[in-house]
Student: 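The structure follows.
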Amino acid sequence: MSKYSEYKGLNMPSIEQDMLATWKAGDYFKKSMDQRRENESFVFYEGPPSANGMPGIHHVISRTIKDMFCRFKTMQGYLVERKAGWDTHGLPIELFVEKELGITKEDIGKKISVEDYNNKCREVVMRYKDKWEEITEKMGYWVDMSNPYVTFDNNYIETLWWALKELYNKDLLYKSVSIQPYSPAAGTGLSSAELNMPGTYKDVKDTTVVAMFSLAAPATLSGFTLHTLQTTLHETARNAWEPFVNLPIGGGLLAAEKAAEVYFMAWTTTPWTLPSNCGLTVGPNIEYVLVQTFNPYTHQPTNVILAKGLLGKYFKPEAQSGDLTLYTTDTKAIPWHILAEFKGSELEGLRYNQLLPFDGNTREIAGGDPFRVIVGDFVTTEDGTGIVHTAPAFGADDNRVGKKNNIGILTMVDRQGKFNDFTGEFSGRYVKNYKDDPDYKDVDVDIAVKMKISGNAFKVEKYEHTYPHCWRTDKPVLYYPLDAWFIRTTAVKDRMIELNKTINWKPKSTGEGRFGNWLENMVDWNLSRSRYWGTPLPIWATEERDELKCIGSIDELIAEVNKANEKLGTNQVLTREGLDMHKPYADNIILVSDSGKPMRREPDLVDVWFDSGAMPYAQLHYPFEQNPLDMLKRNFPADFIAEGVDQTRGWFYTLHALGVMLFDSVAYKAVVSNGLVLDSKGNKMSKSKGNVVDPFATIEKYSADATRWYLVTNASPWDSLKFDLEGIKEVQRKYFGTLYNTYQFFALYANVDNFTFKEDYIPVSQRPEIDRWILSSLHTLVKDVTRFLNDYEPTQAGRAMEYFLDEQLSNWYVRLCRRRFWKGEYEFDKICAYQTLYECLETLSLLTAPIAPFFADWMYQNLNKVSGRNNSVSAHLADFPLANETYIDADLEERMHLAQDVCSIVLSIRKKVNIKVRQPLQRILIPVMDPHIKEQIEKIAELIKSEVNIKEIEYLTDNDGFIKKKIKPNFKSLGARMGAKMKSVAAAINLMQQNDINILEQDRSYVLTVDGEQIAIGMEDVDIIAEDVPGWSVANKDNITIALDITITEKLQDEGNAREIVNRVQKIRKESGFEVTDRIIVNIEEREALKSAIINFNDYICAEILADSINISADIQDGIEIDVNDIVLKISILKT
RNA sequence: AGUCUCGUAGCUCAGUUGGUUAGAGCGCUACACUGAUAAUGUAGAGGUCUCCAGUUCAAAUCUGGACGGGACUACCA
């Protein structure tokens, strides 16, 4: 096998199929790990997807990122094990099954047994496993799917139980009431997922009330510590009204005691929660005022407390300090006076009279110490009154703040959504129309009316806001206290925050902002799910709940069962083999308490996020296998994980929380969170919109590599990506097309010359300048790519490779070196060229391998099969290239860049004056102010000359007096010194004449006169560039200026013609299908204008076209007509 | 509503510690090249850097606000 494979065209999908077959046949994935068994490991966790839905294109991006870094680290020599996993529990699966069976949650256990239902879930959960495996393979994601972790496995669940017991023993697991979204119409709690379904939030118009809670009179406060402010407030109010005691204001005679009443104003959009009120919450730093005014409904004198910032919502500015004595029932702008001001924190502890007392909402029933003012951080002054009516039963915030302040709880509404029987005239009434009763009367309105009459309402109005509805019944949800088990994450909050700071987040903002804030505002983790298909909570309780038992392993469970059989006389049979830990079996197990009472399992399931968060240990079946600690040490924490940014508060959080709680450690050291994949117009992809991209079709049509490359290089992974197939096509054309072309070019000539890299490696220092340059660039690239990938900056890495391939390798090195490959004998220079290009291609294939594993390996193998240079048969078994610093020559890279600029400028002048490149020209002039630049250009003069077809380069120094200089102020250096004078100084510099510039250059300084002031500037304050060489064709770019001599002498003309002839003959050779090595004889028709060219450049022409001779004839038969610089003639070519 | 994120050419994106002519690729137009040819080069057109205000001698860049897209959390008076 001594020939490089050549191809007719680039067909990436077919390359990928070949490579997949090769990988499989050679078992390369396994090999890539096996050969590094003894090495340091790089720990990676695969976030488990759920296989009950089809994989989408958004899965391809996160898996590309995972795969890329795992491959990269493997090539760097680490052992990177990648165990696949499946997330198998949870609500989405249950909903899917319900839908498929056409049942609802209520039917489970009735129309279908829990056993059958769960079996169905178990079946459904792996429904698309095949599809997932297929996409995994096709996209080139190397992950071990032969031995995945599955969250419903007994072993997996056993570890979860172990973890739960650890938490239980650390007193981090507790049961409590929590406020959850609940649908009275459906009789079921709703998950946040259900609440986030489209159409759940609707605009509704509700009756809202600003309720007035009267401050308790000091006299009624026996038994409680008196708040001094309480007495003061009453006295202030009484004193304020004192002068009016005998006046008939407000539509009645003022009663002194009534006038001394002080009310808190609190707004609610759910008046039905008022009977359950237990507290009023104020913001500790909010300013509040006591206002003397009139009740707008009863017109009685009154005094209210509300946030100062919200006065404008209830009182007209023009009525401030209005005359109270003039108030009548008809007064539009109710007069008001501010009597006092205080901060929220001062109000804390004030007591008020219950607003709507009934039999069922007494202080005793509430428990705790209700009807007090408390403080809470969540209070704002954006709407309402700055005082929040707090009903701990019906709001999560309320509940939290209520618990913290021990104000008890009142639940005056039952689970059907109606007031209980102890709510006076409202007993039995539904708070919303849950039963579709045509005669339903809004209970909120009646409550509001009652309050208006009693003087406890300040404002009643309809208010439109969004409110969640049950997606199944379309009825408003209410927040309802339900029993639940919690993990006390707040206990380790500070530690979690501290450890989070050590995690390398990509992007940083997700870790600091989104995740950091989330940790700051952390609440305890509600672990309970009242569903059927999930990990059962391993807690058993006696009926009175006075004894609890948390089970931490299957063995322990079996032992406890045996104990129960013994003590309770039951006959339960439980073996490890026959065990299913799910419902309903787990629920049937009865254990015995220490005091001998039967215990039943707490019916809840565990949040699926616990399943996935415990995956680092559960996938190992920790600690139930051999050498658990050693095993854990090798697999925890992860060095790297990656998932979508939507996992920030999901998987990323639960991993972190459990890592901290169980092991006081981070669970991952680095995390890449990728953004969303949107459609090409920037809309979210969704099935209903029909804009989802099918990853199978995409890969099949455009290849996995192009897709992967596109996903990685188009935008940073964490920016949301507008997915556009056109972009993939572009990548295919641009990157892979160019790489392919370059390889093809190499293969074509290397095969001709039998280059197989059998010669010794020619020391780079001995190679031509251009070879040293491309190798320098190549090794700079290796350095950059390595750095970027180590930094988890794949986009930068990919773009650096694109730049190298396109701008440096293909468009410069190969283009300039073409001749070296097809011209001349197979000797030193040619071998240099082959070795150099080979090394570029080989290295590039290895650098590319993590991102585009198929194409890279394909190219690598094509090269390596022939040369056998590398011991590894696949790029993925090879080592990642190491930059050789000795190859890197910054000076060389700089001057080549200079050469590219110079050529580009010359070409643009040629274009401007319309002289084609094939026409040689005598010289260019380059004004050089900087000796370093001249030195640099001199070293690459040959290259420039041949590239732009000129004979010589001359350098102009300013002494020659030809150059017209331009001076520009250097704002950066000048700005700092000049400050406000900058503008006029800049203007003065722009006005400097040629001789001024000369003086500056000579003296290295110059004194400007600006606004009558003398200001000295130095060389560092300006840029001086040669702008023009009068009388020449000139162009410039940045600081380089070039003048081109466009005189075409006769000799140049001849040479141009000769080149033109060569060009035409070459074309004919090619069209006639001659081999590149065929020798020819040329007969050319006589033309006076071309004669001298043919005679003078005979040797040149013959050498170029491999002609043995050129004969000029007066007449040519059967010739081909050609056009040489507008001269038409015939030419005939014969093979010798 | 809060938090995060994005907003630069028709499209996709760069844009260093603020520094005066804001770049690239694709697409478009014209020309050239023709032993990589389904390749390549050169040139041209195309911008209110989303808007407003501020800081500064100087703002795409810094600050504040608004608007728009997206995500997450929540829906709470």
Side-chain angles (χ1 to χ4, degrees), chain A residues 9-10 181 192 195-196 201 208 210 266-270 273 280-281 378-380 382-391 394-398 465-468 477 479 507 509-510 512-518 521 644-646 648-650 675-676 678 680 682-684 710 713-716 718-722 724 726-727 729-730 733-734 737-738 741-742 744-746 748-749 795 799 802-803 806 810-811 814-815 818-819 821-823 903-904 907-908 910-912 914 916-918 968-976 978-986 1063 1066-1067 1069-1070 1076:
Chain A
L10 174 59
S192 57
L195 225 51
N196 279 326
Y201 287 92
T208 69
V210 174
W267 184 54
T268 179
T269 56
T270 50
T273 61
L280 292 172
T281 310
F378 61 92
V379 180
T380 68
E382 258 156 47
D383 46 24
T385 62
I387 301 175
V388 178
H389 145 60
T390 304
F394 303 114
D397 278 342
D398 300 32
H465 61 148
T466 56
Y467 195 83
V477 157
Y479 289 79
S509 60
T510 300
E512 281 175 359
R514 185 183 289 204
F515 196 68
N517 290 338
W518 169 252
N521 299 316
V645 68
D646 51 332
T648 306
R649 278 137 182 190
L676 271 263
L678 311 170
S680 61
N683 299 310
K684 196 178 172 177
Y710 167 71
T713 57
N714 187 62
S716 280
W718 32 89
D719 290 336
S720 56
L721 174 85
K722 289 181 191 160
D724 193 350
E726 289 302 315
K729 284 189 208 164
E730 190 180 318
R733 214 171 36 234
K734 192 109 189 95
T738 306
N741 267 327
T742 310
Q744 271 293 86
F745 173 84
F746 168 81
L748 177 66
Y749 294 109
T795 310
R799 286 177 181 172
E802 284 177 346
Y803 177 80
D806 201 51
S810 171
N811 286 353
V814 172
R815 197 159 59 79
R818 272 181 301 187
R819 261 181 102 80
F821 290 92
W822 50 262
K823 192 85 184 144
C903 291
S904 150
L907 290 172
S908 84
R910 277 181 171 274
K911 164 87 183 164
K912 219 181 299 171
N914 210 10
K916 57 177 77 168
V917 179
R918 217 160 22 235
K968 280 199 311 194
N970 179 344
F971 284 84
K972 210 167 184 170
S973 94
L974 226 37
M978 296 302 154
K981 284 177 291 206
M982 188 62 218
K983 266 199 178 122
S984 26
V985 172
N1063 166 261
Q1066 298 287 31
K1067 206 168 177 180
R1069 283 182 61 116
K1070 194 176 175 193
V1076 286

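Hydrogens, waters and symmetry mates are skipped; everything else that's a heavy atom, side chains included, is used.
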Student: Counting side-chain heavy atoms from CB outward, which of B/C75, B/C13, B/A36 is closest to A/Ala715?
Tutor: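 Selected nucleotide (nearest to the side chain): B/C13.
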Student: Taking a pair as Watson-Crick or G-U wobble with both distances under 3.5 Å, which nucleotide is matched to B/U16?
Tutor: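 No nucleotide pairs with B/U16.
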Student: Do the side chain of A/Thr385 and the main chain of A/Ile387 share a donor and acceptor less than 3.5 angstrom apart?
Tutor: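 Answer holds: yes.
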Student: Any strand counts, and the cut-off is 3.5 Å on both contacts for Watson-Crick or G-U wobble. Which nucleotide pairs with B/U40?
Tutor: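 Its partner is B/A32.
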Student: Is A/Asp398 touching bases, backbone alone, or none of the nucleic acid, heavy atoms closer than 4.0 Å?
Tutor: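 No contact at all - A/Asp398 keeps every heavy atom at 4.0 Å or more from the nucleic acid.
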Student: Kindly indicate whether the side chain of A/Phe394, heavy atoms from C-beta on, has any atom under 4.5 Å from the side chain of A/Thr270.
Tutor: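 They are not in contact (no side-chain heavy atoms under 4.5 Å apart), so the answer is no.
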Student: Looking at side-chain heavy atoms only, is the closest gap between A/Tyr710 and A/Asp724 below 4.5 Å?
Tutor: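 With C-beta onward as the side chain, the pair touches.
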Student: Could you state the atom-to-atom distance from NZ of A/Lys729 to P of B/C26 in whole Å?
Tutor: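 In whole Å, B/C26 P lies 16 Å from A/Lys729 NZ.
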Student: Tell which nucleotide pairs with B/A45, taking only Watson-Crick or G-U wobble pairs whose two distances are both under 3.5 angstrom.
Tutor: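 Pair assignment: B/A45 / none.
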Student: Hey, mind stepping through A/Lys729 and A/Glu726 against salt bridge (Lys or Arg N to Asp or Glu O under 4.0 Å) and telling me if it holds?
Tutor: CA-CA 5 Å; A/Lys729 284 189 208 164; A/Glu726 289 302 315; 3.0 Å; yes
Student: Using whole Å, report how far CE of A/Met982 lies from P of B/C57.
Tutor: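 Nearest whole value for this atom pair: 12 Å.
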Student: How far, in whole Å, is B/C4 from B/C13 if one measures between their P atoms?
Tutor: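 Their P atoms lie roughly 23 Å apart.
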Student: To the nearest 0.5 Å, how far apart are OG1 in A/Thr390 and CG in A/Asp397?
Tutor: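 Here the rounded value is 9.0 Å.
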Student: Please state how far atom CG in A/Leu280 lies from atom C1' in B/C76, giving the value in whole angstrom units.
Tutor: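 So the two atoms are 15 Å apart, to the nearest Å.
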Student: Mark up nucleotides 37-43 of chain B, 5' to 3', with B wherever a protein heavy atom is under 4.0 angstrom from a base atom, S wherever such an atom reaches only the sugar-phosphate, and - elsewhere.
Tutor: --SSSSS
Student: Mind checking who B/U21 pairs with, Watson-Crick or G-U wobble, both distances under 3.5 Å?
Tutor: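 Checking every strand shown, B/U21 finds no partner, since no pair has both distances under 3.5 Å.
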Student: Which base sits across from B/U63 as a Watson-Crick or G-U pair, both distances under 3.5 Å?
Tutor: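 B/A53 is the nucleotide pairing with B/U63.
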Student: For A/Arg799 and A/Thr270, find the nucleotide of RNA chain B closest to each by heavy atoms; which residue's nucleotide sits nearer the 5' end?
Tutor: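 Taking each residue's closest nucleotide, the earlier one in sequence belongs to A/Arg799.
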Student: In this structure, how many angstroms lie between the C1' atom of B/G18 and the CG atom of A/Asn970, rounded?
Tutor: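 Rounding to the nearest Å, CG of A/Asn970 and C1' of B/G18 are 14 Å apart.
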Student: For B/C4, what is the paired nucleotide under Watson-Crick or G-U wobble rules, both distances under 3.5 Å?
Tutor: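 Result: B/G70.
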Student: In whole Å, what is the span from the CG atom of A/Asn714 to the P atom of B/C6?
Tutor: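 For the pair A/Asn714 CG and B/C6 P, the rounded distance is 16 Å.
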Student: May I ask you to decide if A/Thr738's main-chain N or O and A/Arg733's side chain share a donor-acceptor pair within less than 3.5 Å?
Tutor: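 No; judged by distance alone, with no hydrogens or angles, the pair does not exist.
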Student: Which sits closer to the 5' end of RNA chain B, A/Glu730 or A/Thr273, going by the nucleotide each is nearest to?
Tutor: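 Here A/Glu730 is the residue nearer the 5' end.
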Student: What is the distance from OH of A/Tyr467 to P of B/A1, rounded to the nearest Å?
Tutor: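 Distance check: A/Tyr467 OH to B/A1 P gives 19 Å.
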Student: Could you check how far NE2 of A/His389 sits from P of B/C76, rounded to whole Å?
Tutor: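 To the nearest whole Å, that distance equals 11 Å.
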Student: Distance-only, no hydrogens or angles: does the A/Arg799 side chain make a donor-acceptor pair with backbone N or O of A/Thr713 under 3.5 Å?
Tutor: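 Side chain of A/Arg799 to backbone of A/Thr713: a pair is present.
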Student: For B/C26, which nucleotide is its Watson-Crick or G-U wobble mate, given both distances must be under 3.5 Å?
Tutor: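 Base partner found: B/G10.
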Student: Would you kindly give the OH-to-C1' distance between A/Tyr803 and B/A14, to the nearest whole Å?
Tutor: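 My rounded result for the distance is 13 Å.
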Student: What is the ring orientation for A/Phe821 with A/Tyr749, classed by angle as parallel under 30°, tilted 30 to 60°, or perpendicular over 60°?
Tutor: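 The rings of A/Phe821 and A/Tyr749 sit tilted, inter-plane angle from 30° to 60°.
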